[in-house]
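Accompanying notes for the structure given below.
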2 protein chains.
Amino acid sequence: MQERQGGVIESRAVRMNKTAMRKRANLRDVAAEAGVSVATVSRVMNSPATVAPATRERVEGAMRRLQWVPSAAARAINSGRTRFVGALVPTLDSDIFARVLANLEQGLTAQRLSLVVATTDDDPDIELAKARALLDIGAEGLIVSGMTRSPDFDELVARARLPVIAISCHDPDYRMPTIGYDNHGAALAALSHLTGLGHRRIAVLHGPLRNDRTQRRVLALQGQGDADLTFHETTLSTAGGCQAVRGVLSGRRPSAILCLSDVIAAGAMAEVQRHGLRIPDDMSVMGLDDLPGSAHLYPALSTIHLPVSRMGRAVADALAGWVERDEKPDPQLLDHELVVRASTGPCR
Amino acid sequence: MQERQGGVIESRAVRMNKTAMRKRANLRDVAAEAGVSVATVSRVMNSPATVAPATRERVEGAMRRLQWVPSAAARAINSGRTRFVGALVPTLDSDIFARVLANLEQGLTAQRLSLVVATTDDDPDIELAKARALLDIGAEGLIVSGMTRSPDFDELVARARLPVIAISCHDPDYRMPTIGYDNHGAALAALSHLTGLGHRRIAVLHGPLRNDRTQRRVLALQGQGDADLTFHETTLSTAGGCQAVRGVLSGRRPSAILCLSDVIAAGAMAEVQRHGLRIPDDMSVMGLDDLPGSAHLYPALSTIHLPVSRMGRAVADALAGWVERDEKPDPQLLDHELVVRASTGPCR
DNA sequence: ACGCCAACTGTAACCAGTTACATCTGCAGA
DNA sequence: TCTGCAGATGTAACTGGTTACAGTTGGCGT
């Protein structure tokens, strides 16, 4: 390295000098500066009461002079604990995951754990790679989304004997504990609200099928013969909702639009209104998620409430218990709930 | 500690047994298992080419048998690097910060750095505490939001000689580099769009003033004498927008509503329409942020675009450069931009 | 004046890796 | 046959903390 920097002596000297300046002081330096032993310095940090006040002050002075900050790595090497867990989510750019993580972070903080986030873009290979990276930096546990895994993922987890929890889904037989809601059932609940209102011809708008949560929702509906459903895949965004609605309205018009995500519903509602149609008089729109904003759209969106915040908390507690006390959590199913607001009404 | 657990011999034995079972194999164990030295095992990890293939296989076999995963802490202690930085944001439960973090995370990942997130709830004391925690676990750099700091924060940063960047704001004279947009200017741009359309009586809806970005926006407007502005503080949410609008419409009705955040605008628009008013014919609504969804509301929201994604990227690059190559970044101002859509029109 | 104990401090081993340097082997070239 | 050297491996000293154990000191009781 030095060779590669090579060349002028002066530049090397500057470099080294800079390096020397930057070098963080360590325990030994502080001990020397204060004229005490390393043990005493360590004690000032960890059990100040056992150190004579005068000595303590001398040590604290030395710490300040040398701008000493203890090394976490060194601490970790002794305790074997890093006190952080990793969360692998498809994207941060989504209300849902932001809310999960917000609650997760709060819950973990309460247990004195930190949260490292990594995004996978719903790609199992990226998930695997990032999981490796998280383990390399010492994650004590992982949170993954859904149930689509790379084949190597399990081996990795088994090797590290790592606490891992899958969220946003539910399956008691899955090889790791799941904490989440029933995507299948939630989709059915949404549909039955619409059919209960008399709707038969219904357009179903959903995000990319690579996402297994979306897939479950779609699959649940495909089995339903008593309604005339047409499926429209689009992107998981308001823009996607708008675009899909343009396609829907250009064909044989349904009486209701069922969006398998609220973000899509928000875009869909806007676009429906832009076409001069009234909601719910001319067209019912149903969501699924219940984002905080959905109650305050115009009109307020009927949807299925998913207990996302509760899930974040539950996951935090479960993972903390597993990491801290080796208590492997049981799978946990959180109920969804039909929320009827203003965007759905009787057919015609 | 053992004393505290105390009591029955059997229970102690169980404990120890469990501990022994859980104890992760280390380099020495692997070396013994493979019948080689620690150096050879280490070389298998770091420079496999220098190890004889037969030996390498033997070592790899031992690693697999013992399910060995290298300790990040031990690695970190040698390299002095933890390869992660911390981000302190007011909340994760916001489109804005989710988007910033999404881009930040991507940018950092490209530089092989991880991101630890912590939320501060806009409280300088929490920020300080969480910053301490992040440093304790070895963060190599920090990202903070805005310019409101606890007095002790600076000392902490100086002590650790820590790269810290403040985002979502701009001030070249601030004691740490800022990367963000001009909140003052953005608020003025929003206002002048409305006054340019002839609006004079304008209700200004904004989030809590404890947030210094909000404060800057409000302060910028308070200096403007040529318009009749009434200020309404509410929560930073669509619900807040709804609620504030109810207050606005119960009094002397303005011709336009200027929301200093798009989330508030979304709620405001919904509530305005719920009162039977048309946008923009009866009431103009202006936002500030330009969330991805704002273009797909009904009507599409006129707003000021803040380069949030670009900011995330820029911060990632800047912080990575500082951490990796000791290049302290220059303050960076990212331009905002007026986006005129369908929610604003001429007065009356 | 002596012993004892508490309060304080120091020494050195330890955690789990990396790596400079030393050693050992075997084969090619003189 | 001896030298030289490359390739493979081992030894031990680091990294920066914690902590068990071993001193040292001084005050108090007898």
Side-chain angles (χ1 to χ4, degrees), chain A residues 1-3 19-20 22-60 62-63 66-83 135-138 140 160, chain B residues 1-3 19-20 22-60 62-63 66-83 135-138 140 160:
Chain A
M1 275 227 176
Q2 288 145 327
E3 280 68 26
T19 309
R22 274 207 70 143
K23 186 185 177 305
R24 264 166 57 160
N26 66 20
L27 236 198
R28 266 96 183 163
D29 298 335
V30 175
E33 170 81 13
V36 298
S37 73
V38 290
T40 302
V41 179
S42 182
R43 276 189 281 258
V44 170
M45 289 298 289
N46 302 310
S47 43
T50 67
V51 179
T55 314
R56 197 189 318 153
E57 266 166 48
R58 222 154 18 100
V59 171
E60 280 164 352
M63 287 178 178
L66 298 182
Q67 307 193 323
W68 180 65
V69 177
S71 144
R75 230 202 279 269
I77 212 178
N78 287 295
S79 63
R81 297 289 314 272
T82 55
R83 302 204 70 79
L135 293 193
D136 272 356
I137 63 171
E140 293 191 59
Chain B
M1 272 228 180
Q2 287 143 325
E3 278 69 25
T19 309
R22 274 208 70 140
K23 186 185 177 305
R24 263 166 55 161
N26 66 22
L27 235 196
R28 264 96 185 161
D29 299 334
V30 175
E33 171 81 13
V36 298
S37 72
V38 289
T40 301
V41 179
S42 182
R43 276 189 281 258
V44 169
M45 290 298 289
N46 302 310
S47 42
T50 67
V51 180
T55 313
R56 199 189 314 156
E57 265 166 47
R58 222 153 18 99
V59 171
E60 280 164 353
M63 287 178 178
L66 298 182
Q67 305 192 327
W68 180 66
V69 177
S71 144
R75 231 204 276 270
I77 210 177
N78 287 295
S79 62
R81 298 289 312 271
T82 55
R83 303 205 68 80
L135 292 193
D136 272 356
I137 63 172
E140 294 191 58

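Bear in mind the structure is a predicted one, so any value in this text is a computation, not a measurement.
- Checking side-chain atoms of A/Ser47 against main-chain N and O of A/Thr50 turns up no donor-acceptor pair under 3.5 Å.
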Which atom pairs, one a donor and one an acceptor, fall under 3.5 Å between side chains of residues 30-44 of chain B and the rest of the protein, sequence neighbours left out?
| from | atom 1 | to | atom 2 | distance (Å) |
| --- | --- | --- | --- | --- |
| B/Glu33 | OE2 | B/Arg65 | NE | 2.6 |
| B/Glu33 | OE2 | B/Arg65 | NH2 | 3.3 |
| B/Ser37 | OG | B/Ala39 | N | 3.4 |
| B/Ser37 | OG | B/Thr40 | N | 3.4 |
| B/Ser37 | OG | B/Thr40 | OG1 | 3.4 |
| B/Ser42 | OG | B/Asn46 | ND2 | 3.4 |

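- In this structure, B/Met63 CE and B/Arg58 CZ are separated by 12.5 Å, a value rounded to the nearest 0.5 Å.
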Below 3.5 Å between N/O atoms, which protein atoms pair up with nucleotides 17-21 of chain D? Just atom names and distances, please.
| from | atom 1 | to | atom 2 | distance (Å) |
| --- | --- | --- | --- | --- |
| D/dG17 | OP1 | A/Trp68 | NE1 | 3.1 |
| D/dG17 | OP1 | A/Ser71 | N | 3.2 |
| D/dG17 | OP2 | A/Leu27 | N | 2.6 |
| D/dG17 | O5' | A/Ser71 | N | 3.4 |
| D/dG17 | N7 | A/Arg28 | NH1 | 2.4 |
| D/dG17 | O6 | A/Arg28 | NH2 | 3.0 |
| D/dG17 | N2 | A/Asn78 | OD1 | 2.8 |
| D/dG17 | N3 | A/Asn78 | ND2 | 3.3 |
| D/dT18 | OP1 | A/Asn46 | ND2 | 3.1 |
| D/dT18 | OP1 | A/Arg75 | NH1 | 3.2 |
| D/dT18 | OP2 | A/Ser42 | OG | 2.6 |
| D/dT18 | OP2 | A/Asn46 | ND2 | 3.3 |

Just the table, please: protein N/O against nucleotides 22-25 of chain C N/O, every pair under 3.5 Å.
none

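- Residues A/Met45 and A/Pro70 approach most closely at CE-CG, 3.7 Å, considering heavy atoms.
- The CG atom of B/Asp29 sits 6.5 Å away from the CG atom of B/Leu66 when rounded to the nearest 0.5 Å.
- Considering CH2 of B/Trp68 and CG of B/Leu27, their distance stands at 4.5 Å, rounded to 0.5 Å.
- Separating the CD atom of B/Glu57 from the P atom of D/dA8 is a distance of 14 Å, rounded to the nearest angstrom.
- Of the possible donor and acceptor atoms, none in the side chain of A/Glu140 sits under 3.5 Å from a partner among the backbone N and O of A/Arg81.
- Considering every non-hydrogen atom in both A/Ser71 and A/Ala74, the closest pair reads OG-N, 3.0 Å.
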